[in-house]
Colleague: 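Take this structure first; my questions come after.
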Protein chains: 2
Amino acid sequence: MNKIFPNIGAERETDRLMFSLVHAAHEIERRYEEALSPEGLTGPKFAALSKLVQAGHPLGLGELADELTCVRSNITQLVDRLEADGLVVRTVDHADRRTVRAAVTEIGMQRQIAGAKQVEKLLDALSTSLSGMDLGAFERMLSCLQLEQGVCR
Amino acid sequence: MNKIFPNIGAERETDRLMFSLVHAAHEIERRYEEALSPEGLTGPKFAALSKLVQAGHPLGLGELADELTCVRSNITQLVDRLEADGLVVRTVDHADRRTVRAAVTEIGMQRQIAGAKQVEKLLDALSTSLSGMDLGAFERMLSCLQLEQGVCR
DNA sequence: CCTGCATTATTCATATATGAATAAAATCTT
DNA sequence: AAGATTTTATTCATATATGAATAATGCAGG
């Protein structure tokens with residue numbers, strides 16, 4: 001998603017709130033990338049590794065694209081980079097020769113664990129920031145915003 | 001920012017909340033892009049045009065980069081595309097010949113107005129979604145998350 | 001069995017973002 | 001004033017994202 005989301009014509013309180021929400025999310029993502037960076041990982045690389053580790057077996061690139069909700073060509077490139085880093089290898093599927101599967105390497109496994117530790121730390125810090133807050137109200141608000149039609153249930 | 005932000009190891013309520021927040025922001029940004037698309041604009045293009053219209057005079061590319069909180073090379077490319085669309089023109093600064101200023105064209109001005117109308121509609125819809133909610137609590141929560149050190153004031 | 005259709009991954013063109021290296025112009029220092 | 005430094009934008013390499021076009025394989029119906 002694009003970073004540039006300017007606070008243009010935000011006159012109502014709800015408008016300002018929307019901008020605050022987007023900016024807070026960007027800040028969280030920035031800190032997430034920052035946490036992974038010392039481990040030689042980026043957000044997308046860590047996400048892909050995590051899905052593969054979680055699955056426990058090599059995933060077809062299409063499956064991986066579905067898991068990460070992005071287009072297939074994106075995964076082709078991401079797996080190219082992960083392969084260049086030695087974190088995954090492409091394996092052929094003998095049952096369906098169209099399918100290419102991505103398998104985590106030993107190094108990839110270790111890297112994922114290291115990344116997960118950093119993310120855990122970040123979530124701890126964020127959790128501390130929110131201690132004592134009314135999380136229920138926050139959650140209800142977010143669930144309203146996530147609806148396609150913009151109607152709150 | 002990257003789109004891929006996987007819900008990995010989100011065990012606590014606050015963890016799930018962070019993912020909800022980021023996903024809600026992505027959904028808002030998706031709808032923002034969707035709103036601008038019929039006008040032939042993208043988020044970054046609209047943002048740059050808006051800053052230029054708001055300023056009321058041509059801005060140096062460095063100033064524009066500061067306003068949009070991104071690096072200068074990004075603005076060089078964005079202004080290339082805006083210029084190709086005929087929405088801005090580069091002008092030289094006779095006082096400082098290093099500086100290149102971006103000036104909105106008449107078409108650019110109209111396009112910005114059209115985009116602003118669509119964004120206004122989106123904000124109306126979001127505002128409606130949130131009617132009756134406790135915005136104060138939401139705001140306090142967001143302000144906690146935006147702090148660099150992760151400490152809530 | 002072949003033929004057309006669906007599915008898979010890749011390639012290509014493009015948009016957005018970053019940061020390092022470069023070039024040109026202005027400013028500061030002596 | 002000349003030389004060093006800073007400031008400006010651009011170029012280049014790279015990462016991430018999308019979507020259209022392509023190639024290879026699989027499958028279903030005649």
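The figures here come from the full heavy-atom set of this structure, side chains too, leaving out hydrogens, waters and symmetry mates.
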Colleague: Using atom CD of E29(A) as one end and atom P of dT18(C) as the other, report the distance to the nearest whole Å.
Modeller: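 That distance rounds to 13 Å.
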Colleague: Are D66(B) and K51(B) close enough for a salt bridge, meaning some N to O gap below 4.0 Å?
Modeller: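 No salt bridge links D66(B) with K51(B).
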Colleague: Whole angstrom is fine here: how far is it from CG in D93(A) over to C1' in dA24(D)?
Modeller: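 Taking atom C1' of dA24(D) as the reference, CG of D93(A) is at 14 Å.
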Colleague: Got a salt bridge between D15(B) and R12(B), using NZ or NE/NH1/NH2 to carboxylate O under 4.0 Å?
Modeller: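 Yes.
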Colleague: Between L68(A) (CG) and dT18(D) (C1'), how many Å, whole number?
Modeller: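 Between C1' of dT18(D) and CG of L68(A): 15 Å.
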Colleague: Return the value, rounded to whole Å, for the distance between atom CZ of R30(B) and atom P of dT18(D).
Modeller: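 These atoms are roughly 12 Å apart.
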Colleague: In whole angstrom, give the distance that lies between atom CD of E33(B) and atom C1' of dA15(C).
Modeller: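 Rounded to the whole Å, the gap is 10 Å.
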Colleague: Just so I know, are the side chains of E33(B) and P44(B) near enough to count as touching, which here means a heavy-atom distance under 4.5 Å?
Modeller: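 A side-chain contact under 4.5 Å exists here.
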Colleague: Could you tell me how far apart L82(B) (CG) and dA15(C) (P) are, to the nearest whole angstrom?
Modeller: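 These atoms are roughly 11 Å apart.
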Colleague: Can you tell me the distance, in whole Å, between the CZ atom of F46(A) and the P atom of dT16(D)?
Modeller: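 Rounded to the whole Å, the gap is 14 Å.
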Colleague: Would you call K117(A) and E120(A) a salt bridge, using N to O less than 4.0 angstrom?
Modeller: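 Looking at K117(A) and E120(A), the cut-off is not met.
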Colleague: According to the salt bridge (Lys or Arg N to Asp or Glu O under 4.0 Å) rule, which pairs have a member within residues 69-79 of chain B, sequence neighbours left out?
Modeller: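 Of all non-adjacent pairs touching residues 69-79 of chain B, none passes salt bridge (Lys or Arg N to Asp or Glu O under 4.0 Å).
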Colleague: Does N74(B) have a side-chain nitrogen or oxygen under 4.0 Å from the phosphate oxygens OP1 or OP2 of dT18(C)?
Modeller: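 For N74(B), the contact criterion (side-chain N or O under 4.0 Å from OP1 or OP2 of dT18(C)) is met.
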Colleague: So which protein N/O to nucleotides 8-11 of chain C N/O distances come out below 3.5 Å?
Modeller:
residue	atom	partner	partner atom	Å
dT8(C)	OP2	R72(A)	NH2	3.3
dT8(C)	O5'	R72(A)	NH2	3.4
dA9(C)	OP1	L61(A)	N	2.9
dA9(C)	OP1	G62(A)	N	3.4
dA9(C)	OP1	V100(A)	O	3.3
dA9(C)	OP2	G62(A)	N	2.7
dA9(C)	OP2	R72(A)	NH2	3.1
dT10(C)	OP1	R90(A)	NE	2.9
dT10(C)	OP1	R90(A)	NH2	3.4
dT10(C)	OP2	T76(A)	OG1	3.0
dT10(C)	OP2	R90(A)	NH2	3.3

Colleague: Please give, in whole Å, the distance from dA15(D) P to L41(A) CG?
Modeller: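 Nearest whole value for this atom pair: 13 Å.
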Colleague: Are R97(A) and dG26(D) close enough that a side-chain N or O sits under 4.0 Å from OP1 or OP2?
Modeller: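 So the side chain of R97(A) is within the cut-off, an N or O lying under 4.0 Å from OP1 or OP2 of dG26(D).
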Colleague: side-chain contact (heavy atoms from CB on, under 4.5 Å), that's the test. Do R90(A) and L61(A) meet it? Break it down for me.
Modeller: CA-CA 9 Å; R90(A) 277 180 167 87; L61(A) 300 202; 4.1 Å; yes
